[in-house]
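Read the structure below first, then the notes.
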There are 2 protein chains.
Amino acid sequence: MNKYYLFFGNLANPLRVEIISALKEKEMSVLELVEKLGEEQSKISHALKAMKNCSIVSVKQEGKKRIYSLNKETILPMLKIIDKHESKFCEECRAMKEGR
Amino acid sequence: MNKYYLFFGNLANPLRVEIISALKEKEMSVLELVEKLGEEQSKISHALKAMKNCSIVSVKQEGKKRIYSLNKETILPMLKIIDKHESKFCEECRAMKEGR
DNA sequence: TATAAATATGAATTTGTATTCATATGTAAT
DNA sequence: ATTACATATGAATACAAATTCATATTTATA
């Protein structure tokens, strides 16, 4: 039963969370993400590939661009649970507040 | 907004998922987990500490034992989302099936 | 068909995280 | 107070995952 840890592992990374946050607003090409997040193109591409492998994002071709969009059906409720968790249980949560 | 990746990172580990799976059934002492999962005691303790820091588990003292229990309120719906995600989107999900 | 634009890929390196092992701390019983 | 039991901790190492950088692919346009 390791599917859970693989899924979590896929999101256990600040850049990927940034990407999620960006794609929450609207779908975007790689270059748009590169510019919005100010990160290396290959970094973004690698991250997107991993996320796509887990169906966290999907992609469509549009001219020479590839437009990535977020799987909101899975991800939005997931983030909501974490928001709720944090506000309810993590008043003292060092790990999540201080970055450890 | 890195709280998400810290939370995910906390669960991005097979042992911790095993612990969750065990605690889903019933609360357990460290030694019980050690025996049930067949892992080193310090390994279990380290894992539990990290999970406790994120309020994924909680602990109570009982004699010389410390009884850990799962934060079901957060974790169960979370796992449910992943189950649903997998059955819906991951027919071909290499990352989650082949362990990459 | 040669060039440019957009993105993807591979492999080496770096970085982060878990594991290990020895030991310390806490708790109760004798 | 000494011992045994249960768990926690720290630090070194091992391991896994992300970053980097150079280059390959893909798609469209001149």
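The model shown is predicted, which means the values in this text are computed figures rather than measured ones. Naming: A, B, ... by sequence-line order, numbering from 1 per chain.
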In this structure, CD1 of A/Ile19 is separated from CE of A/Met28 (nearest 0.5 Å) by 10.5 Å

Result for 5'-nearest mapping on DNA chain D, choosing between A/Pro14 and A/Gly63, is A/Pro14

Separation of C/dT15 atom C1' from B/Tyr5 atom OH, nearest Å, is 12 Å

A/Leu11 atom CG is separated from C/dT17 atom C1', nearest whole Å, by 17 Å

The reported gap from CD1 in B/Ile44 to CG in B/Leu37 (rounded to nearest 0.5 angstrom) is 5.0 Å

To the nearest 0.5 Å, atom NZ of A/Lys84 lies from atom OG1 of B/Thr74 at 7.5 Å

Between CD of A/Glu40 and P of C/dT9 the distance, given in whole Å, is 17 Å

Base D/dT7 paired with B/His46 side chain (donor-acceptor, <3.5 Å)
no

Atom CD of B/Glu62 and atom C1' of D/dT7 are separated, to the nearest Å, by 15 Å

Rounded to whole Å, the CG-C1' distance (B/Leu15 to C/dT17) equals 13 Å

Closest non-hydrogen contact found for B/Phe7 with A/Ile82 is CD2-CD1, 3.7 Å

Separation of D/dA14 atom C1' from B/Lys43 atom NZ, nearest Å, is 12 Å

Here the gap from A/Cys54 atom SG to A/Arg16 atom CZ, rounded to the nearest 0.5 Å, amounts to 9.0 Å

B/Gln61 atom CD is separated from C/dA28 atom C1', nearest whole Å, by 11 Å

Distances under 3.5 Å between nitrogen or oxygen atoms of protein and nucleotides 6-8 of chain C:
| residue | atom | partner | partner atom | Å |
| --- | --- | --- | --- | --- |
| C/dT7 | OP1 | A/Val30 | N | 3.3 |
| C/dT7 | OP1 | A/Arg66 | N | 3.3 |
| C/dT7 | OP2 | A/Leu31 | N | 2.8 |
| C/dA8 | OP1 | A/Arg66 | NH1 | 2.8 |
| C/dA8 | OP1 | A/Tyr68 | OH | 2.5 |
| C/dA8 | OP2 | A/Ser45 | OG | 3.0 |
| C/dA8 | N7 | A/Gln41 | NE2 | 2.7 |
| C/dA8 | N6 | A/Gln41 | OE1 | 3.2 |

Whole-Å distance, B/Glu35 CD to D/dA6 C1', equals 12 Å

Rounding to 0.5 Å, atoms CG (A/Asn71) and CG (A/Leu76) come to a distance of 8.5 Å

